[in-house]
2 protein chains.
Amino acid sequence: MATIKDVAKKAGVSIATVSAVINGTRFVAEDTRTRVLAAVDALNYQPNRMARALKQKRSQMIAHILPSVMNPFFPASLKGVEDAAFAADYSVLVCNTETEPARIERYAELLLETQVDGVVITSPGLTAIHALAHRLDDHGIPVVVLSGPRSLDSFDRVLVDDVKSGYLAADHVLDYGHRRVAFVHVRHSTTSMHRMEGVVQALERCMPGKKPALVLEVDNFTEQEGYRIGMNLSKKDGLPTAVVAANDMLAVGISEALHDLGISVPEDVSLVGIDNTMAASLRPRLSSVAIPAYEMGKEAVARLKGRMNGVKAGEPLTITLNPQLVPGHSVTHPTVRTALPSGRGAPQ
Amino acid sequence: MATIKDVAKKAGVSIATVSAVINGTRFVAEDTRTRVLAAVDALNYQPNRMARALKQKRSQMIAHILPSVMNPFFPASLKGVEDAAFAADYSVLVCNTETEPARIERYAELLLETQVDGVVITSPGLTAIHALAHRLDDHGIPVVVLSGPRSLDSFDRVLVDDVKSGYLAADHVLDYGHRRVAFVHVRHSTTSMHRMEGVVQALERCMPGKKPALVLEVDNFTEQEGYRIGMNLSKKDGLPTAVVAANDMLAVGISEALHDLGISVPEDVSLVGIDNTMAASLRPRLSSVAIPAYEMGKEAVARLKGRMNGVKAGEPLTITLNPQLVPGHSVTHPTVRTALPSGRGAPQ
DNA sequence: TTGTATGCGTTATCAT
DNA sequence: ATGATAACGCATACAA
């Protein structure tokens, strides 16, 4: 690889001049400039980012920490992050934590060693994540939280209104006349908690003082957990007429379980998801609440850029984007047979 | 950030000694070693990777070039790459090209500037990709091709037997008695071409000399294209009894189109995908041929490590992994009405 | 308008 | 067994 020295020699100038023409950091006569550029071209010179980073103490790299690249929500936000970073000449380091504390801690070290300029964190609020965020912050590395736990409130955040997401989902089935609505909640997830809150609000508004939503708990946002709870859906107080799942992957699992139980969607049970990541692949198409993951990724990097370019201090900024209901075909009116014990005609 | 100098001062030794104890690069007395480690601990010292990279000419970073993070196949391989890289203390730079030549070219520059130690390329065989691969190679940067075009045959490759994938998919429906089999092919994709070849082989073996598969062409591996072709499935020679899609995303789109047309899977038409990425979310569960994307990612990094540690020259190595049929519920026996006028009982 | 020289934080060579 | 010091490739303060 040609170095700046080679270019300088070939162009018959000093390395300072070469640096100047490359970075436009000071005036340089037109003819020398062209000589330099010619040399650059001839030698196929590429500035060494490591050297530059060392000198400038900026690596032009950001990291994106995410719990799992297999949940389709994250590739979407990752793409947003990558697009924005690419446009701003930053590289993106992916850090897949699988929510394992050991990996998170290891990544904390790594990112510090790598001198990344900023970090976008998407993750449930594990203590390891809190430690990581604060550790980065202590070293002056900007952190933006994307759709994370509300407890990370001393950082810039790009959030979506989770309460509203839950509200929209529940409201949708209520609109269709459902009154026995179940919510499938993920334990220890603040996101899920907020979504549940929205569900509860919608029910309360629709039927003041009435029995609240039926809540079923699972351990994480996976299809497997959805399947598991789906198989047990009728165990507790009998089958609900509508189910709101804390996310789409759960909904997929639930749908599968219902299918295996011979219960059909939406004829017997209506189903709504949140995230709108898998809607198209479910038959019938899943009604879901879309979260603008891609935009959130872009926005997160925009914030990061702000902080990296000097806006050191100042109040933490929170941007909240809006979820949006995307109706599919998994919700319909409750049928007589599931509503009442009497006369079960097949209302075809 | 504390530097090696600070540590040296605090421990009352030279920086050479500190470096030695950190890297285990030479003997150092037990007591000084402990003093150094104490200082490291006290100052929370983290070696600067940029400086190290500059000196050693190795950045401990690899890049993963992929066409789109939204197709679930790629997150799977990305995870394999990331896992293996993480275990070997390498960071992963994601380079999402969207198969846009401009982005690919820009990434070529970037990777050279960043001095990545190796690159895993997953991509269709665009000329920009060829250029990138050879350019990296010219600079001595190891390249491993993961499931890419066969034309990149001067590089190490981790492939899957695409012909066999197609064969397995077709064989599956043939086993069920289907004789009118359509293949949905993606134009300009060598992967799709090989899969088609497998389909053709299976048909030829099953019905020598008979009319080959019905081939329908689309422009890329997306659900949208699948939907489009699905709506036109019966246009050409009438409805086939079974459809093999070049990948799962296409299958999802096809399934959706069929649903919209009132044609049910598998009662009216059997459907098989390839990749096994979305099987679980389709109802009925999609029968598909699994590609070991995760293992391929791991294997690719293993090869990369080999090349990065000295195995400079030598024949390009190709590893071929095996696809595997994963039956779902989207395939069944052809029904009388779609099959032949004469007597085929509905077996079971 | 351009060149010289220093230092960024490491590793590695050469001494001692 | 350990210390000085040069060099990695670049940006930049200071000279000229």
Side-chain angles (χ1 to χ4, degrees), chain A residues 1-37 39-40 43-61 89 109-117 139-140, chain B residues 1-37 39-40 43-61 89 109-117 139-140:
Chain A
M1 284 284 268
T3 77
I4 198 173
K5 230 173 190 167
D6 302 324
V7 177
K9 187 178 298 177
K10 177 132 196 161
V13 297
S14 75
I15 64 171
T17 303
V18 177
S19 179
V21 22
I22 287 174
N23 301 304
T25 163
R26 73 183 185 190
F27 268 27
V28 43
E30 196 47 37
D31 55 328
T32 58
R33 148 181 241 84
T34 52
R35 270 209 332 279
V36 169
L37 289 175
V40 164
L43 298 175
N44 227 295
Y45 169 69
Q46 315 257 144
N48 181 325
R49 289 203 174 219
M50 296 299 136
R52 182 179 292 182
L54 178 59
K55 178 67 186 172
Q56 299 192 147
K57 298 178 183 307
R58 322 188 315 137
S59 60
Q60 291 289 108
M61 301 197 297
D89 193 34
E109 308 274 307
L110 190 69
L111 298 185
L112 253 20
E113 293 177 3
T114 311
Q115 319 262 117
V116 291
D117 296 339
H139 286 272
Chain B
M1 284 283 269
T3 76
I4 198 172
K5 232 172 189 167
D6 302 322
V7 176
K9 188 178 298 178
K10 178 130 194 160
V13 298
S14 76
I15 61 171
T17 303
V18 176
S19 179
V21 23
I22 287 175
N23 301 304
T25 163
R26 73 183 186 190
F27 268 24
V28 44
E30 196 47 38
D31 56 329
T32 57
R33 149 181 240 85
T34 53
R35 265 201 346 271
V36 168
L37 289 176
V40 164
L43 298 175
N44 227 297
Y45 169 69
Q46 315 256 144
N48 182 324
R49 289 202 174 219
M50 295 298 135
R52 182 178 294 185
L54 178 59
K55 181 65 184 173
Q56 298 191 149
K57 298 176 183 309
R58 322 188 314 138
S59 60
Q60 291 290 107
M61 300 197 298
D89 193 34
E109 309 274 307
L110 190 69
L111 298 186
L112 253 19
E113 292 178 3
T114 310
Q115 319 261 117
V116 292
D117 295 340
H139 286 272

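All heavy atoms count here, side chains included; hydrogens, waters and symmetry mates do not.
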Asp89(B): which residues meet the salt bridge (Lys or Arg N to Asp or Glu O under 4.0 Å) condition with it, sequence neighbours left out?
Arg106(A), Arg49(B)

Side chain to side chain donor-acceptor pair (under 3.5 Å) involving Arg33(A) - partner list, sequence neighbours excluded:
none

I need the Lys9(B) NZ to Ile15(B) CD1 distance, nearest 0.5 Å.
12.0 Å

Residues forming a side chain to side chain contact (heavy atoms under 4.5 Å, CB included) with Gln115(A), sequence neighbours excluded
Met1(B), Asn48(B), Met50(B)

Check for a donor-acceptor pair, side chain of Asp117(B) on one end and backbone N or O of Arg58(B) on the other, with a separation under 3.5 Å.
no

Just the endpoints, please: which first and last nucleotides of DNA chain D, 5' to 3', lie under 4.0 Å from a heavy atom of chain B?
dA1(D) to dG9(D)

Which pair of heavy atoms, one from Ala11(A) and one from Ala39(A), lies closest together, and at what distance?
CB-CB, 3.9 Å

Rounded (10°) bend between the five-pair end axes of the helix from dT1(C)-dA16(D) to dT16(C)-dA1(D):
40°

List in chain and number order the residues that pass side chain to side chain contact (heavy atoms under 4.5 Å, CB included) with Leu43(B), two or more places apart in sequence or in another chain; answer none if no residue qualifies.
Ala2(B), Asp6(B), Val7(B), Lys10(B)

DNA chain C contacts among residues 43-57 of chain A, heavy-atom distance under 4.0 Å
Leu54(A), Lys55(A), Lys57(A)

Give every residue pair that meets the side chain to side chain donor-acceptor pair (under 3.5 Å) criterion with at least one member in residues 12-30 of chain B, sequence neighbours excluded.
Ser14(B)-Thr17(B), Ser19(B)-Asn23(B)

Chain A reaches DNA chain C, atoms under 4.0 Å from its heavy atoms, from dT1(C) to dG9(C)

When rounded to the nearest 0.5 angstrom, what distance separates OH in Tyr45(B) from CD1 in Ile22(B)?
4.5 Å

Exactly one candidate in Arg52(B), Gln60(B), Gln46(B) meets side chain to side chain contact (heavy atoms under 4.5 Å, CB included) with Glu113(A); the answer is Gln46(B)

If every non-hydrogen atom of Leu54(B) is compared with every non-hydrogen atom of Ala51(A), which pair is closest and at what distance?
CD1-CB, 3.7 Å

Contacts of Thr32(A) meeting side chain to side chain contact (heavy atoms under 4.5 Å, CB included) (sequence neighbours excluded), chain-then-number -> Val28(A), Ala29(A), Arg35(A)

Taking any heavy-atom pair under 4.0 Å as a contact, classify Ala16(B): base, sugar-phosphate, or nothing.
base

Mind checking side chain to side chain contact (heavy atoms under 4.5 Å, CB included) for Leu111(B) and listing every partner two or more places apart, or none if nothing turns up?
Ala63(B), Ile65(B), Leu93(B), Cys95(B), Val116(B), Val119(B), Leu136(B)

Nucleic acid contacts - residues 17-27 of chain A versus DNA chain C, non-hydrogen atoms under 4.0 Å
Thr17(A), Arg26(A), Phe27(A)

